[in-house]
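For reference, the structure discussed in these notes is given below.
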There are 2 protein chains.
Amino acid sequence: MKLITRNTDYAIRALIYICGRKNKITSVSELVAKTKIPRPFLRKLLQILNKKGILRSSKGQKGGFMLAAEPQEIFLTDLIRIFQGSLKLNECLFKKEPCVKKSICPLNKVIRDIEEDVLKKLKAINVASLAFKFRKLGIN
Amino acid sequence: MKLITRNTDYAIRALIYICGRKNKITSVSELVAKTKIPRPFLRKLLQILNKKGILRSSKGQKGGFMLAAEPQEIFLTDLIRIFQGSLKLNECLFKKEPCVKKSICPLNKVIRDIEEDVLKKLKAINVASLAFKFRKLGIN
DNA sequence: GACAAATGATACTAAAGCAGTATCATATAT
DNA sequence: ATATATGATACTGCTTTAGTATCATTTGTC
Ligand code: FES
Ligand code: FES
């Protein structure tokens, strides 16, 4: 099933760490040291997050990243959308005649209902709440 | 996200059709005509379902497939397991030091909770109930 | 028995997505 | 100037998905 891929997972963990450093710029080197994420891969992810407006970057020596948005406004669904593309349903397969309209197809409906429920739950999870839980356990 | 892949989707639709033919043997030719699923692909899927004990096959002229199990006992989760492998969680990525035990890791937990919920819901869906809904709409 | 019509078993292929690397350009604190 | 950052981009290898292609075997019908 795999709700989240490596991309997303790495991104969340990086964001949680950055969140914990509140307002201080965090470099890739520091993140690599703490999270053991492969450096070039992490760099790519952070650049994407920067472009998407979730991180803000500063170049040059002493450069790095900090959050560009409030951590309670960065949701798991955002990251999934960014790194795993749109969460789209399966296409109908009865291509012609026997195809009911998707909206009433029973199979489509049960899957859609479950996916919508998942979405709702993922939307309830944000970087701030995760960071809080991690800190309570003394990690980060 | 994609809860179910093409394999699974085709398989369900084929099973629904076969279910509607209650006790009569159904050939691939008939299924292809009705569902428009690519013939060689469908053949492969049905052979797998046969091996897994969900269908029973008979060879030779007039051969084909029929259900080997009660349709209310064939669950969506079974098909997903067969065609999409075990529904497994993400591995931890903090490979060494900062890794909490998986069982208490907050990130793992939220994902695991959602996945378990999905599983429970998928387990509630079976071929019989789907076939019934389809028939009510006059399909199949 | 010959033949047609079915499945069984296998092996192969093409495309997409996932995970990660490598390189060079650019900015900036010291 | 230079060391230390990120920006941009292109490339590689692996796995999964979605099929196709072939040949062997079984069986009903004439
Ligand atoms: S039959 Fe077309 S969407 Fe279900
Ligand atoms: S930190 Fe290891 S499982 Fe979450």
Side-chain angles (χ1 to χ4, degrees), chain A residues 1-11 13-14 18 24-33 35-66 68 79-88 90-91 93 95, chain B residues 1-11 13-14 18 24-33 35-52 54-66 68 79-80 82-88 90-91 93 95:
Chain A
M1 201 160 42
K2 214 165 175 192
L3 249 37
I4 63 173
T5 63
R6 216 93 186 218
N7 281 332
T8 309
D9 191 305
Y10 284 160
R13 292 172 196 272
I18 293 170
K24 273 174 279 180
I25 286 177
T26 307
S27 72
V28 169
S29 295
E30 183 176 348
L31 283 163
V32 166
T35 64
K36 319 291 184 199
I37 298 170
R39 167 181 276 270
F41 196 14
L42 179 56
R43 259 171 45 75
K44 188 166 66 172
L45 300 181
L46 296 182
Q47 283 180 14
I48 292 170
L49 290 173
N50 179 42
K51 274 187 197 157
K52 294 292 182 177
I54 289 175
L55 288 177
R56 182 184 318 143
S57 75
S58 44
K59 293 172 84 173
Q61 208 172 21
K62 297 267 174 186
F65 298 86
M66 53 185 293
L79 302 173
I80 291 177
R81 239 185 301 271
I82 290 172
F83 293 110
Q84 301 171 219
S86 66
L87 325 169
K88 60 194 173 298
N90 286 63
E91 288 288 290
L93 306 161
K95 313 204 173 146
Chain B
M1 199 162 43
K2 214 169 180 188
L3 251 35
I4 64 173
T5 63
R6 217 90 187 219
N7 282 332
T8 309
D9 190 304
Y10 284 160
R13 292 171 197 271
I18 293 171
K24 272 174 280 180
I25 286 178
T26 308
S27 72
V28 169
S29 294
E30 183 175 347
L31 283 163
V32 166
T35 65
K36 319 291 184 198
I37 298 170
R39 167 181 277 268
F41 196 15
L42 179 56
R43 267 177 32 82
K44 188 165 68 173
L45 300 181
L46 297 182
Q47 285 180 13
I48 291 170
L49 290 174
N50 179 41
K51 276 188 195 154
K52 295 290 183 180
I54 288 175
L55 288 177
R56 182 185 316 143
S57 76
S58 44
K59 293 172 83 173
Q61 208 173 20
K62 296 268 174 187
F65 298 85
M66 54 184 294
L79 302 174
I80 292 178
I82 289 172
F83 293 111
Q84 301 172 221
S86 67
L87 325 169
K88 59 193 173 302
N90 286 64
E91 290 287 291
L93 305 161
K95 314 206 170 141

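By convention in this document, chain letters (A, B, ...) are assigned in the order of the sequence lines, proteins followed by strands, and residues within each chain are numbered from 1. Values reported hereafter were calculated over all heavy atoms of this structure, with side chains retained and with hydrogens, waters and symmetry mates removed.
Between A:Lys59 atom NZ and C:dT28 atom C1' the separation is 9 Å, expressed in whole Å. Distance, B:Lys62 NZ to C:dA5 P: 12 Å, rounded to whole Å. Rounded to a whole Å, the CZ atom of B:Arg13 is 13 Å from the P atom of D:dA18. Distance CD1 (A:Ile82) to P (C:dG17): 18 Å, rounded to an integer number of Å. One atom, CD of B:Glu30, and another, P of C:dT7, lie 11 Å apart when rounded to the nearest Å. For A:Ile4 and C:dA19, the CD1 to P distance is 10 Å, given to the nearest whole Å. Rounded to whole angstrom, the span from the NZ atom of B:Lys36 across to the C1' atom of D:dG19 amounts to 19 Å. What separates CZ of B:Phe83 from C1' of D:dG19 is a distance of 14 Å, to the nearest Å.
Judged purely by atom type and a 3.5 angstrom limit, A:Gln84 uses its side chain to pair as donor or acceptor with the backbone of A:Leu3.
Taking 4.5 Å as the limit, some side-chain heavy atom of A:Phe83 sits within range of a side-chain heavy atom of A:Leu45. Counting heavy atoms from C-beta on, the side chains of A:Leu79 and A:Asn7 never come closer than 4.5 Å. Annotation: side chain of B:Lys62 is not in contact with side chain of B:Ser27 (no heavy-atom distance under 4.5 Å). For the pair B:Leu31/B:Ile37, no side-chain contact is recorded, criterion being any heavy-atom separation below 4.5 Å from C-beta on.
Between B:Tyr10 and D:dG19, a side-chain N or O to OP1/OP2 separation shorter than 4.0 Å is present. Remark: B:Lys2 is in phosphate contact with D:dA18, judged by side-chain N or O atoms under 4.0 Å from OP1 or OP2. Phosphate contact (OP1/OP2 of C:dG8, side-chain N/O of B:Ser57, threshold under 4.0 Å): present. A sub-4.0 Å separation between OP1 or OP2 of D:dT6 and a side-chain N or O of A:Asn50 is absent.
Heavy atoms of A:Arg43 sit under 4.0 angstrom from at least one base atom. Among the heavy atoms of the strands lying under 4.0 Å from B:Gly60 is at least one base atom, whether or not backbone atoms are also near. Among the heavy atoms of the strands lying under 4.0 Å from A:Lys51 are primed sugar atoms or P, OP1, OP2 only; no base atom is included.
Between the side chain of A:Arg6 and the base of C:dG20 there is no donor-acceptor pair of N/O atoms closer than 3.5 Å.
Between the OG1 atom in A:Thr8 and the NZ atom in A:Lys2 there is a gap of 10.0 Å [rounded to 0.5 Å].
In terms of position along DNA chain C, the nucleotide closest to B:Gly63 lies nearer the 5' end than the nucleotide closest to the other residue of the pair A:Arg39 and B:Gly63.
Of the candidate nucleotides C:dA6, C:dA19, D:dA5, D:dA5 has the atom lying nearest to any side-chain atom of A:Ser29. The side chain of B:Gln61 approaches D:dG28 more closely than any other nucleotide in the set C:dT21, D:dA18, D:dG28. Relative to the side chain of A:Val28, the nucleotides C:dA22, D:dT6, C:dT10 differ in distance, and D:dT6 lies closest. Out of C:dT21, C:dA6, D:dA8, the shortest distance to the side chain of A:Phe41 is found at C:dT21.
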